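Model, not experiment: these values are computed from the prediction. In what follows, every chain begins at residue 1, and chains take the letters A, B, ... in the order their sequences are listed.
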There are 2 protein chains.
Amino acid sequence: MDKKRKTQTLSEALVTRGVRMTRQRKIVLDLLENASGHLDAAAVLEQARRTDPGIDRATVYRTLSLLKRSGLIEELDLLHLGGKGHYYERRETGTHVHIGCVGCGQIVEFPTRLIARLEADIQEITGYKVESTRVEVAGRCPRCAQGQ
Amino acid sequence: MDKKRKTQTLSEALVTRGVRMTRQRKIVLDLLENASGHLDAAAVLEQARRTDPGIDRATVYRTLSLLKRSGLIEELDLLHLGGKGHYYERRETGTHVHIGCVGCGQIVEFPTRLIARLEADIQEITGYKVESTRVEVAGRCPRCAQGQ
DNA sequence: CAGGACTTGCAACTGAGTTGCAAGTGGAAA
DNA sequence: TTTCCACTTGCAACTCAGTTGCAAGTCCTG
Ligand SMILES: [Mn+2]
Ligand SMILES: [Mn+2]
Ligand SMILES: [Zn+2]
Ligand SMILES: [Zn+2]
């Protein structure tokens with residue numbers, strides 16, 4: 001049993017949609033694919049430049065915008081605990097919420113079925129067709145909660 | 001039975017905390033108190049200037065920041081459907097989620113107990129002390145969902 | 001392998017939000 | 001009521017993430 005494999009990589013998904021696959025895009029897609037944490041645009045640029053130092057800020061922004069428009073990545077605000085920009089992550093099937101510690105800034109993820117329930121409620125009661133849901137919680141991690 | 005009255009106005013809450021009450025602050029607090037929709041900083045400034053045309057952008061930003069630090073207002077991202085700024089609203093007791101239509105940009109509120117449940121789950125399972133939760137849903141209103 | 005539509009890098013621009021500072025003021029204390 | 005000063009304001013300059021127009025470069029279909 002090898003490592004869990006996604007049905008389709010980001011590159012594959014984009015090519016399927018008839019999007020031209022350039023060297024620069026491949027770099028950004030691959031790094032988002034394998035990213036561990038949550039990256040903001042500056043972090044994506046920095047990572048991308050390790051592979052291609054010539055890649056430009058504008059290209060990164062344009063690629064992130066393309067991915068978001070295509071519904072392949074999620075844009076997070078994460079309560080701006082670590083700066084003024086937004087963060088990006090591969091869009092997953094099972095939803096999770098993000099919890100940010102206002103003390104140390106650490107972000108943890110918390111999977112839950114309550115979001116799916118909420119979305120069902122919304123659809124049923126309001127008639128809205130839900131496309132995505134973002135849940136961001138501010139709190140204090142056990143360590144930072146010590147002594148208030 | 002007169003109109004439902006809040007226990008404490010924003011001004012009262014701030015004065016209680018020993019904050020100096022200036023003419024400019026009073027204007028901003030009162031306007032947030034009575035605001036119907038969701039206002040961004042520019043809208044707050046514009047509203048405030050109807051009362052005092054001399055009030056400065058910096059004062060508005062500083063006041064919003066003060067209110068946020070004091071936990072009296074909530075800062076919302078609302079998926080940036082209407083610009084690049086954030087939105088502000090009086091912090092309420094009963095939580096509600098915000099649903100933004102990606103078609104027409106309209107924002108509606110949806111009260112639910114699921115958020116309280118989620119917060120309880122988080123506290124119990126992760127040990128985090130939850131301070132606030134923001135739920136922002138992107139979707140299509142019935143009108144905009146017609147014909148996809 | 002050639003052609004053309006699409007993409008990139010660059011550099012200039014945008015605009016929301018921030019900051020240092022001198023002048024003004026709220027409100028406690030006398 | 002008047003005094004006084006720490007705190008607040010308006011202003012103007014600044015910051016900096018993100019955007020945009022354009023000429024040069026590249027993907028990819030035929
Ligand atoms: Mn935001
Ligand atoms: Mn609201
Ligand atoms: Zn912490
Ligand atoms: Zn709509």
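Here dG27(C) presents its P atom at 11 Å from CG of L14(B), a figure rounded to the nearest Å. We find that NZ of K26(A) is positioned 18 Å from C1' of dT8(C), with the value rounded to whole Å. The interatomic distance linking H80(B) (NE2) with dG15(C) (P) rounds to 17 Å, in whole Å. Taking atom CG on L45(B) and atom C1' on dA16(C), their separation rounds to 12 Å, with Å as the unit. If you take CE of M21(A) and C1' of dA5(C), they are 16 Å apart, rounded to a whole angstrom. Atom CD1 of I27(B) is separated from atom P of dG26(C) by 12 Å (rounded to the nearest Å).
Nearest heavy atoms, V60(B) versus L45(B): CG2-CD1, 3.8 Å. Summarising the geometry of C141(A) relative to C104(A), their closest heavy-atom pair is SG-SG, 4.0 Å, with the distance given to 0.1 Å. Across every non-hydrogen atom of G71(A) and R91(A), the tightest pair is O-CD, 3.2 Å. H98(A) and I107(A) get closest at one heavy-atom pair: CD2-CG2, 4.1 Å. The two atoms that bring Y88(A) and L64(A) nearest to each other are CE1-CD1, 3.8 Å, heavy atoms only.
The environment of CZ in R50(A) is crowded: more than 12 heavy-atom neighbours from other residues, nucleotides or ligands sit within 6.0 Å.
Near DNA chain C, meaning a heavy atom under 4.0 Å away, the residues from residues 59-66 of chain B are Y61(B), R62(B). Heavy-atom distances under 4.0 Å link DNA chain D to G54(B), I55(B), D56(B), R57(B), A58(B) of residues 48-58 of chain B, given in residue order.
Counting only N and O atoms by type, the side chains of T133(A) and E119(A) include a donor and acceptor under 3.5 Å apart.
Using a 4.5 Å cut-off between side-chain heavy atoms of Ile, Leu, Val, Met, Phe, Trp and Tyr, with links allowed through other members, L29(B) and I27(B) fall into different hydrophobic clusters.
Within the 4.0 angstrom heavy-atom criterion, only backbone atoms of the sugar-phosphate kind lie near A41(B); the bases stay farther away.
Contact annotation: side chain of R20(A) to base of dC28(D), donor-acceptor pair absent below 3.5 Å.
Of the residues near DNA chain C, H86(B) and R25(A), the one whose nearest nucleotide (by heavy atom distance) lies more toward the 5' end is R25(A).
At the phosphate of dC7(D), neither OP1 nor OP2 sits under 4.0 Å from any side-chain N or O atom of T22(B). Residue Q24(A) has no polar side-chain atom (N or O) positioned under 4.0 Å from OP1 or OP2 of dT26(D).
Here the nucleotide nearest the side chain of R23(A), chosen from dG10(D), dC27(D), dT8(D), is dC27(D).
In terms of modelled atom types and a separation under 3.5 Å, the side chain of Q123(B) and the main chain of V130(B) share a donor-acceptor contact.
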